[in-house]
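These notes are about the structure you will find just below.
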Amino acid sequence: MSLVKLTIKGISYSQTQNGAYALILNEVDGERKLPIVIGAFEAQSIAIALEKEIKPPRPLTHDLFKSFADRFDIVVKQVIIHKLVDGVFYSSIICERDKIEEIIDARTSDAIALALRFNAPIFTYKNILDKAGIYLNPNSPETENSESEDEGVLSTPETFGFDSNEGKSGEGYAKFSLSELHELLEGAVQDEDYEKAAKIRDEISKRES
């Protein structure tokens, strides 16, 4: 299976749903985005790594891992998002020490937080992006400016609302037909509501698997 390189566009956050964040990944040689719901701590750690000028007074867990790895000459070479099951992404960290390569299982949010600290590339498999990637409107100015956004600097995070009638786990979408879900997905993408789009995408994936 072929690998597709990803970059970080930014982090979305909800003003109404506590602890809900969405990490937005960009396809490097394409127009698709891959939204991944993550926790508050991981969102903070990724945001700090993106903003190079922010230095926490004490090392965060991912910073500690980086210091530990540096001390023992362990290098993170790349991160691969290798599996998607029921809306949950699974990742592997590819490490090397003394020319011996090791593969470590990790949560995707942790893997990406470490990839940023090691300047390691992030990849996923084409079939995962085909299943979970979201296309933007090709005429969107955001698409035209994707080159500058791929720098990965989190300047102005996007916000998204949350409809309490839809349920926190996405169970509210079970009442819609597949055609209606695809229409809702298109609307969410146009509104850049990535968290909602991710929930709808997961419901579609469950139906079509």
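Every value quoted in this text rests on a predicted model; they were computed, and no experiment measured them.
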Could you check whether any side-chain heavy atom of [X] comes within less than 4.5 Å of a side-chain heavy atom of [Y], counting everything from C-beta outward?
X      : Y      : result
Arg97  : Glu102 : no
Tyr21  : Val37  : no
Ile112 : Ile46  : yes
Ile122 : Gln78  : no
Ser109 : His62  : no
Leu3   : Ile80  : yes
Val28  : Val4   : no

When rounded to the nearest 0.5 angstrom, what distance separates [atom1] in [X] from [atom2] in [Y]?
X      : Y      : atom1 : atom2 : result
Lys126 : Ile128 : NZ    : CD1   : 12.0 Å
Leu23  : Leu50  : CG    : CG    : 8.0 Å
Ile81  : Leu6   : CD1   : CG    : 5.5 Å
Ser2   : Leu129 : OG    : CG    : 10.0 Å
Ile8   : Leu116 : CD1   : CG    : 4.0 Å
Glu27  : Arg32  : CD    : CZ    : 4.0 Å

Lys5 vs Asp29, salt bridge (charged side-chain N to carboxylate O under 4.0 Å, His left out): CA-CA, chis, key distance, verdict: CA-CA 8 Å; Lys5 190 173 183 180; Asp29 296 320; over 6 Å; no

N-O pairing of Arg107 and Asp110 below 4.0 Å: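 Salt bridge: yes.
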
Among Ile93, Val79, Ile104, side chain to side chain contact (heavy atoms under 4.5 Å, CB included) partner for Leu114: Ile93

Any side-chain donor near an acceptor of the partner, Lys33 and Asn26, under 3.5 Å: yes

Polar contact flag, side-chain donor to acceptor under 3.5 angstrom, Ser67-Arg117: no

Please tabulate, for the side chains in residues 180-187, all donor-acceptor contacts under 3.5 angstrom to protein atoms that are two or more places apart in sequence or on a different chain.
from: Glu180; atom 1: OE1; to: Ser177; atom 2: N; distance (Å): 2.9
from: Glu180; atom 1: OE1; to: Ser177; atom 2: OG; distance (Å): 3.3

Listed partners of Glu96 passing salt bridge (Lys or Arg N to Asp or Glu O under 4.0 Å), at least two apart: Lys77

Stepwise salt bridge (charged side-chain N to carboxylate O under 4.0 Å, His left out) check, Arg58 with Asp63: CA-CA 9 Å; Arg58 300 291 294 163; Asp63 298 319; over 6 Å; no

Sequence neighbours excluded, every pair satisfying ring-ring contact (aromatic ring centres under 6.0 Å, His included) that has a member inside residues 72-119: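 Counting only pairs at least two positions apart or across chains, the ring-ring contact (aromatic ring centres under 6.0 Å, His included) contacts touching residues 72-119 are Phe68-Phe72.
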
Within one Ile-Leu-Val-Met-Phe-Trp-Tyr cluster: [X] and [Y], side-chain cutoff 4.5 Å:
X     : Y     : answer
Leu64 : Leu60 : no
Leu34 : Val88 : no
Phe65 : Val75 : no

Which heavy atom of [X] sits nearest a heavy atom of [Y], and at what distance?
X     : Y      : value
Cys95 : Ile74  : CB-CG2, 4.2 Å
Ile11 : Ala47  : CD1-N, 3.9 Å
Ser91 : Asp105 : O-OD1, 3.3 Å
Leu84 : Ala132 : CD2-CB, 3.6 Å

